[in-house]
> 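Take this structure first; my questions come after.
In each ligand, atom 1 is the first atom listed, and ligand 1 is the first ligand listed.
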Amino acid sequence: MLIASLKPRTMGGTTNTGLLAYALARAGHPVTCYDADESLQLAAWARDVDDFPCEVHEADTPAFAETVYPEMDQTRINLVDAGHAENHPDIVDSVLEVADLAIVTISPTKPDYERLTRPERGTPLAKVIKRSGALRDSGQPPATVVLLNRCQAGASSPKRFADLLANGGEDGTEPRWNVLTTRIPRREGIASAVGFPCDKPERRAPYDALVTELTKLGHLPVTRRGV
Ligand SMILES: Nc1ncnc2c1ncn2[C@@H]1O[C@H](COP(=O)(O)OP(=O)(O)OP(=O)(O)O)[C@@H](O)[C@H]1O
Ligand SMILES: [Mg+2]
């Protein structure tokens, strides 16, 4: 299967992709990563640490569906870190053509919410995802979930933005999103995760919870470890 990690702009996407790869491997899944962001930070992370759990293939091409996807081992969980949907819509379109699940990372803040739902320029990500259905064998867009990250402990913003996303905005007229109950906290240990080993509990626990939730929702196969 292929999981696409997406975001409209810089939102913690590579952090979430890498730490999810570690968590998937801890849960017993065979994982392979693809870096479809021209900044290639996921690929650099894997190169720079000894404990990165899998290979990361450079795959920043708008021909992702035609040239990268057919070579994947579909018995593994393939995880692709896509760059800004705003700046690289061609790559994101190609990834969405073949992904089984899209995980959209955003922070529970007004600017991030607006960049996701009604950017001043460019196509809102909901529309990019919806239109991908036209290019897919099923005719439907991939299952999509929103992962809130950089959530301040005790703050009201995660619930407020989760409700706005789930309910189609203030007046219910905007697209409705499936918002995961797992939230990635705002933590220094996570802020400094990219390029470093996964050697701190805060780099593990939220992502183990994410794997558990994705499994319960039926997005991931159950492993022998029951996760
Ligand atoms: N849970 C977190 N808590 C605190 N800071 C975080 C957290 N996750 C990410 N960050 C910070 O957010 C910033 C962006 O993270 P990251 O590079 O993962 O995002 P990105 O969406 O991949 O960005 P890019 O546009 O460069 O691809 C970084 O400064 C990182 O330290
Ligand atoms: Mg990145």
> Using a 4.5 Å cut-off between side-chain heavy atoms of Ile, Leu, Val, Met, Phe, Trp and Tyr, which other residues end up in the same hydrophobic cluster as I129?
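Noted: I129 shares its cluster with L6, M11, V92, L96, V104, I106, Y113, L116, L125, V128, V146, L148, F161, L164, L165, W177, V179.
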
> For G13, take its heavy atoms, then give the atoms of ligand 1 lying under 4.0 Å from any of them.
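With G13 as reference, the close atoms of ligand 1 come out as 18 (O), 19 (O), 20 (P), 21 (O), 22 (O).
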
> Identify the protein heavy atom lying closest to atom 19 (O) of ligand 1, giving its residue, its atom name and the separation to 0.1 Å.
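Going by distance alone, atom 19 (O) of ligand 1 is nearest to G12 N, 2.9 Å.
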
> What protein heavy atom lies closest to atom 9 (C) of ligand 1? Include the residue and the distance to one decimal.
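In this structure, atom 9 (C) of ligand 1 has T15 OG1, 3.6 Å as its nearest protein heavy atom.
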
> Could you identify the single nearest non-hydrogen protein atom to atom 8 (N) of ligand 1 and state the distance to 0.1 Å?
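So the nearest neighbour among protein heavy atoms is N149 ND2, 3.5 Å.
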
> Quick one: does ligand 1 sit under 4.0 Å from the side chain of D37, the backbone, both or neither, non-hydrogen atoms only?
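Within the 4.0 Å criterion, D37 contacts ligand 1 through side-chain atoms alone.
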
> Taking all non-hydrogen atoms of both residues, which atom of R26 and which atom of C198 are closest, and how far apart?
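In this case the closest contact between R26 and C198 is NH1-SG, 3.9 Å.
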
> For ligand 1, which is the ligand I care about here, please tell me if M11 has any N or O atom under 3.5 Å from one of the ligand's N or O atoms.
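Such a contact does occur with ligand 1.
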
> Identify, by atom number and element, the atoms of ligand 1 in contact range of P185, meaning under 4.0 Å from any of its heavy atoms.
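Result: 1 (N), 2 (C), 3 (N).
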
> For Q74, does the CD atom sit with more than 12 other heavy atoms under 6.0 Å from it, leaving out its own atoms?
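Count over threshold, so yes.
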
> Determine, using heavy atoms of Q41 and all atoms of ligand 1, whether some pair is separated by less than 4.0 Å.
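For ligand 1, residue contact (heavy atoms, under 4.0 Å) with Q41 is present.
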
> How far does CG of D81 sit from CD1 of I3, to the nearest 0.5 angstrom?
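It is 12.5 Å, given to the nearest 0.5 Å.
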
> Between R136 and Q140, what is the shortest heavy-atom contact and its length?
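Reported closest heavy-atom pair: NE-O, 2.7 Å.
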
> By residue and atom, what protein N/O/S atoms are less than 2.8 Å from the Mg ion (ligand 2)?
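Under 2.8 Å from the Mg ion (ligand 2) - ignoring waters, which are not counted - the protein N, O or S atoms are T14 OG1.
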
> For P221 and H29, which heavy atoms make the closest approach, and how far apart are they?
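For P221 and H29, the tightest heavy-atom pair comes out as O-CE1, 3.0 Å.
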
> Just going by heavy-atom distances, which of H84, R150, R9 is nearest to atom 12 (O) of ligand 1?
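Looking at heavy atoms only, R150 sits closest to atom 12 (O) of ligand 1.
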
> Nearest protein heavy-atom contact for atom 31 (O) of ligand 1: which residue, which atom, what distance?
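Result: A191 O, 2.5 Å.
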
> Apart from V68 itself, which Ile, Leu, Val, Met, Phe, Trp or Tyr residues share its cluster (side-chain heavy atoms under 4.5 Å, direct or through members)?
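V68 shares its hydrophobic cluster with L2, Y34, F64, Y69, M72, V80, I91, V95, V98.
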
> Working to the nearest 0.5 angstrom, can you tell me the gap between L210 CG and T181 OG1?
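Going from CG on L210 over to OG1 on T181, the span is 9.5 Å.
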
> From L79 CG over to C33 SG, what is the distance, rounded to the nearest 0.5 angstrom?
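Rounded to the nearest 0.5 Å, the CG-SG separation comes out at 4.5 Å.
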
> Let me confirm one number: the CG-CG distance from L180 to L214, rounded to the nearest 0.5 Å.
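L180 atom CG to L214 atom CG measures 6.0 Å (nearest 0.5 Å).
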
> Between Y22 and F52, what is the ring plane arrangement, given parallel below 30°, perpendicular above 60°, and tilted in between?
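Ring orientation of Y22 relative to F52: perpendicular.
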
> Kindly state if atom 2 (C) of ligand 1 has a protein heavy atom within a strict 4.0 Å cut-off, that is, under 4.0 Å?
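Under the 4.0 Å cut-off, atom 2 (C) of ligand 1 does have protein heavy-atom neighbours.
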
> In the protein, which heavy atom is nearest to atom 27 (O) of ligand 1, and how far is it?
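Here the nearest protein heavy atom works out to K7 NZ, 2.9 Å.
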
> Going by atom types alone, do T182 and E213 pair a side-chain donor with an acceptor below 3.5 Å?
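There is such a pair (donor and acceptor under 3.5 Å, judged by atom type) between the side chains of T182 and E213.
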
> Please identify which atoms of ligand 1 are closer than 4.0 Å to at least one heavy atom of R187.
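Checking each atom against R187, I get 3 (N), 4 (C).
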
> Can you run down the side chain to side chain donor-acceptor pair (under 3.5 Å) pairs that involve residues 103-112, sequence neighbours left out, and say none if there aren't any?
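Every side chain to side chain donor-acceptor pair (under 3.5 Å) pair that includes a residue of residues 103-112, provided the two are not neighbours, is R9-D112, N16-T105, S107-D112, S107-N149, S107-R150, K110-E114.
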
> If we only count N/O pairs under 3.5 Å, is S192 in contact with ligand 1?
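Not met; the criterion fails.
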
> Relative to the heavy atoms of I184, which atoms of ligand 1 are at a distance of less than 4.0 Å?
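Atoms satisfying the 4.0 Å criterion: 1 (N).
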
> Hey, which of R121, R115, K7 is the one that makes side-chain hydrogen bond (donor to acceptor under 3.5 Å, both in side chains) with E86?
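Checked R121, R115, K7 against E86; only one passes side-chain hydrogen bond (donor to acceptor under 3.5 Å, both in side chains): R115.
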
> Nearest to atom 14 (C) of ligand 1, what protein heavy atom do you find, and at what distance?
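Minimum-distance protein heavy atom for atom 14 (C) of ligand 1 reads T10 CG2, 3.7 Å.
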
